[in-house]
Colleague: 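Once you've had a glance at the structure underneath, I'll fire off some questions.
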2 protein chains.
Amino acid sequence: MTGAGTTGKRRAIQRGVGVALWRQIADDIRGGLAAGTLAGAEGRLPPEAALAERFGVNRHTVRAAIAALAHEGVLHPVHGRGTFARRQKRLVYPIGERTRFSTGLGSQARERHTDIFAGVQESASTEIAKALGLEAGSKVIRVEARGSADGVPVSRATSWFDAQRFPTIAEAYADAGSLSAALRKFGVEDYLRASTRIEARHADEADARDLRLSPGAVVIVTHAINVDMKGDPFQYSRTRFPADRVELVVESQGKTTVD
Amino acid sequence: MTGAGTTGKRRAIQRGVGVALWRQIADDIRGGLAAGTLAGAEGRLPPEAALAERFGVNRHTVRAAIAALAHEGVLHPVHGRGTFARRQKRLVYPIGERTRFSTGLGSQARERHTDIFAGVQESASTEIAKALGLEAGSKVIRVEARGSADGVPVSRATSWFDAQRFPTIAEAYADAGSLSAALRKFGVEDYLRASTRIEARHADEADARDLRLSPGAVVIVTHAINVDMKGDPFQYSRTRFPADRVELVVESQGKTTVD
DNA sequence: TCGAGTTGTATAGATCAATAGACAATGAAA
DNA sequence: TTTCATTGTCTATTGATCTATACAACTCGA
């Protein structure tokens, strides 16, 4: 490898595949930032002309890509100086028996918080009823939450709880700011993650809105069931993560993290 | 909504986002087939005119999407009769302490096999050396494998083994057809999955080639470490899954599936 | 102050993506 | 056979995307 030029192994952009070049370049730059292979320590991108040459396109095409990422909040170009990146590496989100939302992200971000949108009561769909071990049509409470790190959304969760057992879970969650604390008010001292189903897909309109993504981005979706210490499921949740800001790590205990 | 029409929750294609409408529609149809929400029991798609109306585009645009999927092998249109789908639902790939490649897919597919490409010896990168607990630059064996179900690729794995401990692992794997059997020849009677890191991204050119994907498709990538019963890591592997053919399920043992 | 390096703006032409409408060709059922 | 539903082909038009070239505006260090 001879210095500048190729810098990496990344994908070459492809013509005539139904994805505009500027979007492919935007996705590639975003990925490069997430992987940490682009942009120096000061977070400065190579100049537009260099990027244009690297990707084999006109400078205007690179500019269109940068404009999209700037609108997304990932880059911010400064007239006469250069284009700068906001965050660099992906957050690591651990998954295991002891998975907690609030912990785990630990010290990876400077600032981190969770917005909870008031829960609403609704009738359980068959899928949710089955996951929670309830009769189809039982009343459940749906709680919407969004996690952010350094002001950027990194997760968007929708959770369902049995309305009989946890009638005011949404308020308790919002007050306490943490699910574990809210659950203690209902006598759940501890709990385990029983199963997590993971899929990935393109961001749809809702994802683009909730996670501030541009369409074409990739989201990871997890479907999780938490059980109390008696083994009864009490929470079913679907969480969407932006794939270029977050990665998941599954730790089997007994080996690595013994806790 | 009366019967046919909307069928699902997905939809809403977006204009002016740098992704051609025909590609969004192609991705949506593929996803719909994977989720099983499109196409009736005989695997027949709604007619082009109906799809055009549903997506709010011209029939030619739908035709472009179908042409792409036909080229990909997902659909096959028949003059005068209709357009037919090949496979329907996603495979479920379990992940946990007892994760094995060969098992788990079980009876989900009619036919299933693994191609193993002869392993090559190479020097460990720092990442691989660290994962295997070796000195950087140690000799390791790289084994490439591809899993298929019903003739369609569903996984593409690259694994590394310590060359000292497993000098002929590639041949043993290829002969036995199963990793567990190959490992027994080297005295590894049993092993556990210690950790699995999961990320998702767009398919690159290599993915498109290896997994027969069209660009714009989504792949899930796992980075896994297997340890023997003494807790020593002996295998590091990266596996790529096409996200519309496979989903992952993490089962914490002790709760749901006990073995 | 000057010049090199950078991002911002403008204009024009070429190619791709999407629409519109019309009709041909095939398969299946009345 | 006739009719209908379906996929296949053709032509023309509009707008989005990409290229090419030029120059303006801004920052920073010599």
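Protein chains get the first letters and strands the later ones, always in sequence-line order, with residue 1 at the start of each.
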Colleague: Take the protein atom CZ of B:Arg63 and the nucleotide atom P of C:dG21, then report the distance between them rounded to whole Å.
Modeller: 18 Å
Colleague: Tell me which one of A:Leu45, A:Ile29, A:Leu33 satisfies side chain to side chain contact (heavy atoms under 4.5 Å, CB included) with A:Leu69.
Modeller: A:Ile29
Colleague: Does B:Thr83 put a side-chain nitrogen or oxygen below 4.0 Å from OP1 or OP2 of D:dT7?
Modeller: yes
Colleague: I'd like to compare against my own output: the B/S/- annotation of nucleotides 22-30 of chain D with a strict under-4.0 Å heavy-atom distance to protein.
Modeller: ---BBSS--
Colleague: Can you identify which nucleotide, out of D:dT9, D:dT21, C:dA20, has its nearest atom closest to the B:Asn58 side chain?
Modeller: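 Looking only at side-chain atoms, B:Asn58 lies closest to C:dA20.
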Colleague: With sequence neighbours left out, what residues match B:His79 under side-chain contact (heavy atoms from CB on, under 4.5 Å)?
Modeller: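 Once residues adjacent in sequence are excluded, B:His79 has no partner under the side-chain contact (heavy atoms from CB on, under 4.5 Å) criterion.
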Colleague: Taking the side chain of B:Trp22 as heavy atoms from C-beta outward, which of C:dT7, D:dT19, C:dA18 is closest to it?
Modeller: C:dA18
Colleague: Tell me every residue that passes salt bridge (charged side-chain N to carboxylate O under 4.0 Å, His left out) with A:Arg212, counting only those two or more places apart in sequence or in another chain.
Modeller: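 Not a single residue meets the salt bridge (charged side-chain N to carboxylate O under 4.0 Å, His left out) criterion with A:Arg212.
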Colleague: Who passes side-chain contact (heavy atoms from CB on, under 4.5 Å) against B:Ala174, sequence neighbours left out?
Modeller: B:Ile116
Colleague: For A:Ala64, check side-chain contact (heavy atoms from CB on, under 4.5 Å) against everything at least two apart and list the hits.
Modeller: A:Trp22
Colleague: With a 4.0 Å limit, can you tell me whether B:Thr61 has a side-chain N or O closer than that to the phosphate oxygens OP1/OP2 of C:dA17?
Modeller: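 Answer no for this pair, as no side-chain N or O of B:Thr61 is under 4.0 Å from OP1 or OP2.
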Colleague: Considering only C:dA18, C:dT7, D:dG8, which nucleotide approaches the side chain of B:Ala20 most closely?
Modeller: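 In terms of side-chain proximity for B:Ala20, the closest of C:dA18, C:dT7, D:dG8 is C:dA18.
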Colleague: Looking only at heavy atoms, which two atoms of B:Arg156 and B:Leu211 are closest? And how far apart?
Modeller: CB-CD2, 3.7 Å
Colleague: Mind checking side-chain contact (heavy atoms from CB on, under 4.5 Å) for A:Gln121 and listing every partner two or more places apart, or none if nothing turns up?
Modeller: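 Expected list: A:Lys139, A:Ile141, A:Ala163.
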Colleague: DNA chain C: A:Gly82 or B:Arg15, which has the more 5' nearest nucleotide?
Modeller: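 The residue closer to the strand's 5' end, by nearest nucleotide, is A:Gly82.
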Colleague: Considering residues at least two apart in sequence or located in another chain, which fulfil the salt bridge (charged side-chain N to carboxylate O under 4.0 Å, His left out) criterion with B:Arg81?
Modeller: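 Not a single residue meets the salt bridge (charged side-chain N to carboxylate O under 4.0 Å, His left out) criterion with B:Arg81.
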Colleague: Using whole Å, what does the distance between atom P of nucleotide C:dA14 and atom CG of A:Leu21 come to?
Modeller: 19 Å
Colleague: Not counting sequence neighbours, which residues clear salt bridge (charged side-chain N to carboxylate O under 4.0 Å, His left out) with B:Arg238? List them please.
Modeller: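 Here the qualifying residues are B:Glu127.
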Colleague: Please round to 10 degrees the angle between the axis of the first five pairs and the axis of the last five pairs in the helix from C:dT1-D:dA30 to C:dA30-D:dT1.
Modeller: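 One end axis against the other gives 20°.
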Colleague: Using a cut-off of strictly less than 4.0 Å, decide whether A:Arg44 has a side-chain nitrogen or oxygen near OP1 or OP2 of C:dT7.
Modeller: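 Looking at the OP1 and OP2 atoms of C:dT7, neither is under 4.0 Å from any side-chain N or O of A:Arg44.
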